[in-house]
Amino acid sequence: MELVAGIDSSTQSCKVVIADAVSGTVVREGRAAHPPGTEVDPEAWWQAIAAAGGLGDVRAWAISGQQHGMVALDSRGRVVRPALLWNDLRSSDAATALIARYGATALAERTGLVPVPSFTLTKVHWLREHEPERARAVGAVALPHDWLTWRLRGFGPDSRLGADLDELVTDRSEASGTGYWTDAGYDRELFAEALGHDAVLPRVLAHDAAVRDADGRSVGPGSGDNAGAALGLGARVGDVVVSIGTSGTVFATSAHRTIDPSGTVAGFADAADGHLPLVATLSAARVLDTLAALLGVDHEELSRLALAASPGAGGLVLEPYLEGERTPNLPDATGTLFGMTLASTTRENVARSAYEGVLGGLLFGLNAIRDLGVPTERGILIGGGARSAAVRAMAPEILGIPMTAPPAGEFVAWGMARQAARTLGLELPPAA
């Protein structure tokens with residue numbers, strides 16, 4: 001057997017899938033939780049990989065990670081402060097300041113992104129403004145997947161290979177989510193202005209490149225989590241992946257770079273030679289959780305109630321911004337239920353309005369991607385919400401494209417197993 005490992009270090013947990021790259025079968029899987037919060041000591045991720053892993057018998061591995069988080073290191077490779085995660089919003093003022101200084105259109109054209117608090121650039125700017133002593137100590141800035149790859153290869157303070165910051169590596173998909181990367185490489189001016197000085201940034205590897213770890217094993221460049229999912233699913237140009245989880249995402253595989261000065265669509269790169277325009281929403285599975293609790297039912301019954309109602313929910317419309325919204329950018333918005341009459345206000349219509357509200361938000365994102373000329377011919381439905389019969393039935397109607405829902409699986413980790421196998425000249429099949 002030629003065993004390969006795919007690792008998904010997400011916000012909530014670390015998942016490891018180990019497969020035989022010859023037969024394509026999964027040999028074993030592991031999982032370990034990450035601590036809650038929006039800032040985390042990266043050592044917790046390292047311990048989770050050790051708890052979930054069992055990588056001693058693999059010939060190749062690759063890691064995908066939560067995007068955008070800032071891991072700041074000093075010149076000796078030590079972590080300067082707990083990592084700020086993508087969902088840490090303390091850098092919202094920094095995002096506003098960057099847009100005011102450079103202009104949204106100019107930044108979109110330079111980097112494919114308009115800054116929001118998620119992106120690493122805003123967190124670097126925040127560090128300089130609020131923790132200047134720590135900012136001055138920074139010798140390198142990495143993303144979670146970059147740092148984990150570095151450590152697992154054998155680098156770091158007191159590690160086998162020493163703390164060589166020049167051995168930090170990443171891929172296009174992760175670099176494209178920082179806010180200081182272009183197709184031509186890092187935008188050093190933006191980065192140095194944000195931090196107050198220049199520093200080491202991970203070397204961007206080609207998607208088919210490989211490096212080695214201390215044991216001589218082949219290591220893929222890894223990816224961001226959405227790019228890893230696209231690779232795991234085998235998404236191609238014309239495919240749109242719709243994920244309904246804690247947040248909602250719509251992303252498409254595109255052959256060309258997208259630029260959206262409104263900031264609605266993030267112009268990310270994928271884990272190959274293409275691009276991955278993406279829209280993220282906050283109003284997703286937690287809306288369904290809330291409405292299920294309100295009606296006193298579980299998710300299966302919520303789905304049954306929704307499917308018992310007619311499309312349009314009798315005129316009942318849920319604006320599902322129960323915790324604000326990211327796309328459109330309405331952080332202080334609240335939810336509203338419109339169209340309540342004696343006839344329309346039934347349990348069935350309330351349930352259906354929840355699904356239609358969530359899917360309507362995703363349609364907003366899908367239309368924004370379409371408006372950039374990206375082909376959207378087939379939808380792939382994933383995430384916890386994809387297990388709902390109501391979602392599977394209503395998504396094709398509302399989004400206006402044929403939808404498939406592959407069996408639940410660790411698509412990000414599988415994408416990394418596929419990437420690891422390719423470093424050995426082998427090919428694992430996609431999950432969809």
(message) Using the side-chain hydrogen bond (donor to acceptor under 3.5 Å, both in side chains) criterion, which residues pair with Ser243? Sequence neighbours excluded.
(response) none

(request) Identify, with sequence neighbours excluded, every residue that meets side-chain hydrogen bond (donor to acceptor under 3.5 Å, both in side chains) alongside Asn87. (result) none

(request) Applying side-chain hydrogen bond (donor to acceptor under 3.5 Å, both in side chains), name anything that partners Asp213, two or more places apart in sequence or on another chain. (result) Trp61, Arg217

(request) Please answer whether the main-chain N or O of Glu29 pairs with a side-chain N or O of Lys15 as donor and acceptor at a distance below 3.5 Å. (result) no

(request) Mark yes or no for whether Ser64, through its side chain, and Gly224, through its backbone, hold a donor-acceptor pair below 3.5 Å. (result) yes

(message) According to side-chain contact (heavy atoms from CB on, under 4.5 Å), who are the partners of Arg101, at least two apart in sequence or on a separate chain?
(response) Glu193

(message) Using the rule salt bridge (Lys or Arg N to Asp or Glu O under 4.0 Å), only one of Asp273, Asp208, Asp270 pairs with Arg172; which is it?
(response) Asp270

(request) To the nearest 0.5 angstrom, please state how far the CG atom of Leu84 sits from the CE atom of Met70. (result) 4.0 Å

(message) Using only atom types and a distance under 3.5 Å, with no angle test, would you say the side chain of Glu325 pairs donor to acceptor with the backbone of Leu282?
(response) yes

(request) Determine whether the side chains of Thr264 and Thr327 contain a donor N or O and an acceptor N or O closer than 3.5 Å. (result) no

In residues 415-427, what donor-acceptor pairs under 3.5 Å come from side-chain atoms, sequence neighbours left out?
from   : atom 1 : to     : atom 2 : distance (Å)
Arg418 : NE     : Leu428 : O      : 2.9
Arg418 : NH1    : Leu231 : O      : 2.7
Arg418 : NH2    : Glu427 : OE2    : 2.7
Arg418 : NH2    : Leu428 : O      : 3.2
Gln419 : OE1    : Gly222 : N      : 2.7
Gln419 : NE2    : Gly222 : O      : 3.3
Arg422 : NE     : Glu427 : OE1    : 3.1
Arg422 : NE     : Glu427 : OE2    : 3.3
Arg422 : NH2    : Glu427 : OE2    : 2.9
Thr423 : OG1    : Ser218 : OG     : 2.7
Thr423 : OG1    : Ala420 : O      : 2.6

(message) Quick check for you: to the nearest 0.5 Å, what is the distance between Trp181 atom CH2 and Glu174 atom CD?
(response) 11.5 Å

(request) Quick one: list whatever passes salt bridge (charged side-chain N to carboxylate O under 4.0 Å, His left out) with Asp198, sequence neighbours left out. (result) Arg188

(request) Output yes when a side-chain donor or acceptor of Ser223 lies under 3.5 Å from a complementary backbone atom of Gly228, and no otherwise. (result) yes

(request) Kindly compute the distance separating CG (Leu372) from OG (Ser254), expressed to the nearest 0.5 Å. (result) 9.0 Å

(request) State which residues pass side-chain contact (heavy atoms from CB on, under 4.5 Å) with Ala308; sequence neighbours excluded, sorted by chain then number. (result) Glu348

(request) Using ring pair (Phe, Tyr, Trp, His ring centres under 6.0 Å) as the criterion, list what pairs up with Trp126, not counting sequence neighbours. (result) His130

(request) For Glu301, enumerate each residue passing the salt bridge (charged side-chain N to carboxylate O under 4.0 Å, His left out) test, keeping only those at least two apart in sequence or located in another chain. (result) Arg304

(message) Any donor-acceptor pair under 3.5 Å linking the side-chain atoms of Asp146 with those of Thr170?
(response) yes

(request) Output yes when a side-chain donor or acceptor of Gln66 lies under 3.5 Å from a complementary backbone atom of Trp86, and no otherwise. (result) no

(message) For a quick test of reading the model, state the closest non-hydrogen atom pair linking Gly53 to Val16 and the distance between them.
(response) CA-CG2, 4.2 Å

(message) Given 3.5 Å as the limit, does a donor-acceptor pair link the side chain of Ser344 with the main chain of Gly339, or not?
(response) yes

(request) Go through the side-chain N and O atoms of Asn367 and Arg370 and say whether any donor and acceptor fall under 3.5 Å apart. (result) yes

(message) Keeping Arg352 on the side-chain end and Leu305 on the backbone end, is there a donor-acceptor pair under 3.5 Å?
(response) no

(message) Has Asp239 got a side-chain atom pairing as donor or acceptor with Arg236's backbone, closer than 3.5 angstrom?
(response) yes

(request) Working to the nearest 0.5 Å, report the span between CG of Leu316 and CG of Asn349. (result) 6.0 Å

(request) Name all residues meeting the ring pair (Phe, Tyr, Trp, His ring centres under 6.0 Å) criterion together with Phe191; count only those two or more places apart in sequence or in a different chain, and write none if there are none. (result) Tyr180

(request) Quick one: closest heavy-atom pair of Pro406 and Leu233, and the distance? (result) CG-CD2, 4.0 Å

(message) Distance check, rounded to the nearest 0.5 Å: Asp171 atom CG versus His207 atom NE2?
(response) 10.5 Å

(request) Considering non-hydrogen atoms only, spot the tightest contact between Pro35 and Val40 and give its length. (result) CG-CG1, 3.7 Å

(message) With ring-ring contact (aromatic ring centres under 6.0 Å, His included) as the rule and sequence neighbours excluded, what pairs involving residues 257-295 come up?
(response) His68-Phe268

(message) Going by the rule side-chain hydrogen bond (donor to acceptor under 3.5 Å, both in side chains), which residues pair with Ser91 if we only count those two or more places apart in sequence or in a different chain?
(response) Thr122

(request) Measure the CG-CG distance between Leu201 and Leu168 for me, rounded to the nearest 0.5 Å. (result) 9.0 Å

(request) Could you tell me which non-hydrogen atom of Ala108 sits nearest to which non-hydrogen atom of Pro261, and how far apart they are? (result) CB-CA, 3.9 Å

(message) Main chain of Glu167, side chain of Arg153: is a donor-acceptor contact present, judged purely on distance under 3.5 Å?
(response) yes

(message) Strictly distance-based, threshold 3.5 Å: is any side-chain N or O of Glu356 a donor or acceptor partner for the main-chain N or O of Gly312?
(response) yes

